[in-house]
Amino acid sequence: DGGITQSPKYLFRKEGQNVTLSCEQNLNHDAMYWYRQDPGQGLRLIYYSQIVNDFQKGDIAEGYSVSREKKESFPLTVTSAQKNPTAFYLCASSISGDGGQNIQYFGAGTRLSVL
Amino acid sequence: QKEVEQDPGPLSVPEGAIVSLNCTYSNSAFQYFMWYRQYSRKGPELLMYTYSSGNKEDGRFTAQVDKSSKYISLFIRDSQPSDSATYLCAMKTSYDKVIFGPGTSLSVIP
């Protein structure tokens, strides 16, 4: 089945620790995205990538880092510089980037909590 | 003013009711309009996609876009308990990233 796989489903971070969230897609999509979802605030864009080895900051990139070494994979690292990391993190992909309809498809999410 | 506004609810209706969910927006350049359904602790799934103005129907769901009023709607006919979820509107211009509304929480009571 084609889709987007996020892991782990639940993740706990200790003070000062970096943690990495995994996102893999087998849809052959060029573009991938990371969003953060907090209650009542909707989806906020952290980073996005329209092509391998290239990515751009979204609206709330501070305290996060990404890489795009393979078309299928777009991991997100939540660094110790992110002081309020508790949230639901969603990965998405689309056939292409900003141009055109850009319908995004989402993974099941990772819930990150601070210990 | 936020680019996309949506009443967060919660909206509670009896089973079988017609549900109307709405979003308003400020950017007249938006051309692509989407509705996503998100069950609790799950990722959003695409329900409806519309380009420019007009109506689009898919089973019990109808999406409506009124660009002159900068207003979009999602209607759910014969609502079911399984429709209980958060509904997110989303929209974009032809060249920029997608903007999501904050979502409306819907409960359909048996």
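So that the names make sense, note that chain A is the first sequence line, chain B the second, and so on, each numbered from 1.
Side-chain contact check for B:Q38 and A:Q37: at least one donor-acceptor pair (N or O, by modelled atom type) lies under 3.5 Å.
Taking the six-membered ring where the residue is Trp, A:F106 and B:F100 present perpendicular rings, their angle passing 60° and hence far from 30°. In this pair, B:F30 and B:Y25 present their aromatic rings perpendicular. The plane angle is above 60°, beyond the 30 to 60° band.
Contact detail for A:S67 and A:F55: the closest heavy-atom pair is CA-CE2, 4.1 Å. Contact between A:Q104 and B:Y36 at its shortest, heavy atoms only, is O-OH, 2.6 Å.
The closest side-chain heavy-atom distance from A:F12 to A:K14 is not below 4.5 Å. Using a 4.5 Å heavy-atom threshold, the side chains of A:V52 and A:K71 count as touching.
Proximity of the aromatic rings of B:Y51 and B:F33 is defined here by a centroid distance below 6.0 angstrom, and this criterion is not met.
Heavy atoms of A:I4 lying under 4.5 Å from chain B are absent altogether. Contacts between B:P8 and chain A at a heavy-atom distance below 4.5 Å are absent for every atom of the residue.
Among B:L46, B:L88, B:T86, B:I99, the residue with the largest count of heavy-atom pairs under 4.5 Å with chain A is B:L46.
Of residues 102-110 of chain B, those residues lying under 4.5 Å from chain A by any heavy-atom pair are B:P102. At a heavy-atom separation below 4.5 angstrom, chain B is approached by A:F88, A:L90 within residues 72-91 of chain A.
For A:A61, the side-chain contact (heavy atoms from CB on, under 4.5 Å) partners are A:Y47, A:K57, not counting sequence neighbours.
Among residue pairs with one or both ends in residues 10-23 of chain B, those qualifying as side chain to side chain donor-acceptor pair (under 3.5 Å) are B:S20-B:N22, B:N22-B:Y71, B:N22-B:S73; sequence neighbours excluded.
Sparse packing is recorded around CD1 of A:I51, with 12 or fewer heavy atoms of other residues, nucleotides or ligands lying under 6.0 Å away.
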